[in-house]
Every structure is written in C-alpha cells, then in structure tokens.
Amino acid sequence: TYAITEVERLRTDEGSHSLWGNITHENLTIKIERHIEPTMKAATFLHEILHGIAADRALEFPEATLDALRNGLLDVIRRNNLDFLSDEVS
C-alpha cells in the first residue's frame, strides 16, 4: 500500500525542476503538489498510479503514453460519473 501525501514545492531528486507528482517505489509513497487545482490533482494521481502499475509489471512507457492512458481513464470516469477521486466519501 502506498502512502499518498500532498506536499508543497515538489521537486525532482536533483532539485532541477518542479513536479506535480512523484511516486517512489522503494518507500511506497505518492506525493502530489498541494497547490494545483483539483482536476490536475486527480490527473496527476492517476498518472502516478500508472507509473506504479508499469513498474510493478516491469513495463516501460514513454511519458506521452502514460498521459494518453491517464486522459482516457479520466474521460471514462467523468462520462460515467465515477467520481471516486473526490474528497467526499459516501
């Protein structure tokens, strides 16, 4: 199970540029930038999940492929009112 946290000023390991999200398999964490809009948080979260699935299955995908898969998943979620990414739990 991955711990999911929101952080401020998320950066690459080298500190060279900012990120919206990051997954670390070694310590099972997903970090999402706190100050992005909710729609981008959901998109970033799904993107990091896809990184996790790919790593778990020993697959490698270009970022563009992960973005396309993320966009497809978000489209299915929105069109079918599957809002499981909201803060509210019913």
Side-chain angles (χ1 to χ4, degrees):
T1 303
Y2 281 76
I4 302 161
T5 58
E6 289 186 339
V7 298
E8 291 185 30
R9 294 184 285 280
L10 184 59
R11 305 203 50 88
T12 63
D13 289 337
E14 302 82 28
S16 59
H17 65 277
S18 60
L19 302 170
W20 286 347
N22 180 267
I23 186 168
T24 307
H25 309 292
E26 295 79 22
N27 60 8
L28 302 175
T29 61
I30 296 175
K31 295 178 183 176
I32 305 294
E33 174 60 46
R34 176 173 290 137
H35 298 294
I36 57 176
E37 62 150 326
T39 300
M40 283 310 303
K41 281 184 186 179
T44 301
F45 180 62
L46 281 177
H47 181 93
E48 298 308 322
I49 288 172
L50 290 169
H51 272 297
I53 292 168
D56 186 59
R57 303 296 189 257
L59 301 169
E60 292 186 29
F61 296 111
E63 288 293 310
T65 300
L66 292 175
D67 288 343
L69 290 169
R70 175 205 63 204
N71 291 341
L73 285 170
L74 282 173
D75 187 49
V76 168
I77 290 165
R78 288 185 186 123
R79 287 175 185 259
N80 292 283
N81 296 317
L82 303 174
D83 191 13
F84 61 87
L85 296 175
S86 72
D87 289 337
E88 298 177 21
V89 178
S90 43

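Heavy-atom basis, side chains included; hydrogens, waters and symmetry copies ignored.
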| Given the rule in the side-chain contact (heavy atoms from CB on, under 4.5 Å) test, do I4 and F45 qualify, once you have shown the distances and angles that lead to the verdict? | CA-CA 9 Å; I4 302 161; F45 180 62; 3.4 Å; yes
| query | Is the closest basic N to carboxylate O distance between E6 and K41 below 4.0 Å? | reply | yes
| message | Whether the side chain of N80 engages the backbone of V76 through a donor-acceptor N/O pair (distance < 3.5 Å, no angle test) should be reported. | response | yes
| message | Using every non-hydrogen atom in the two residues, find where I77 and L46 come nearest and quote the distance to one decimal. | response | CD1-CD1, 3.9 Å
| message | Using 0.5 Å steps for rounding, measure from the CG atom of L28 to the OG1 atom of T1. | response | 8.0 Å
| query | How about E60: does its CD atom have over 12 heavy atoms from other parts shown lying under 6.0 Å from it? | reply | no
| task | Applying side-chain hydrogen bond (donor to acceptor under 3.5 Å, both in side chains), name anything that partners T29, two or more places apart in sequence or on another chain. | result | N27
| Going from CD1 on I49 to CD1 on I30, what distance comes out if it is rounded to the nearest 0.5 angstrom? | 5.5 Å
| said: So does M40 get a backbone contact from the side chain of T44, meaning a donor-acceptor N/O pair under 3.5 Å? | reply: yes
| Got a second to check how far Y2's OH is from K31's NZ, nearest 0.5 Å? | 13.5 Å
| query | If you look at every heavy atom in I23 and H51, which pair is closest and at what distance? | reply | CG2-CB, 3.7 Å
| Under 4.5 Å between any side-chain heavy atoms of L73 and L50, yes or no? | yes
| query | What residues form a side-chain hydrogen bond (donor to acceptor under 3.5 Å, both in side chains) with D67, not counting sequence neighbours? | reply | H47, R70
| Close side-chain approach of E48 and L66, heavy atoms under 4.5 Å | no
| Between E33 and R9, what is the shortest heavy-atom contact and its length? | OE1-N, 3.0 Å
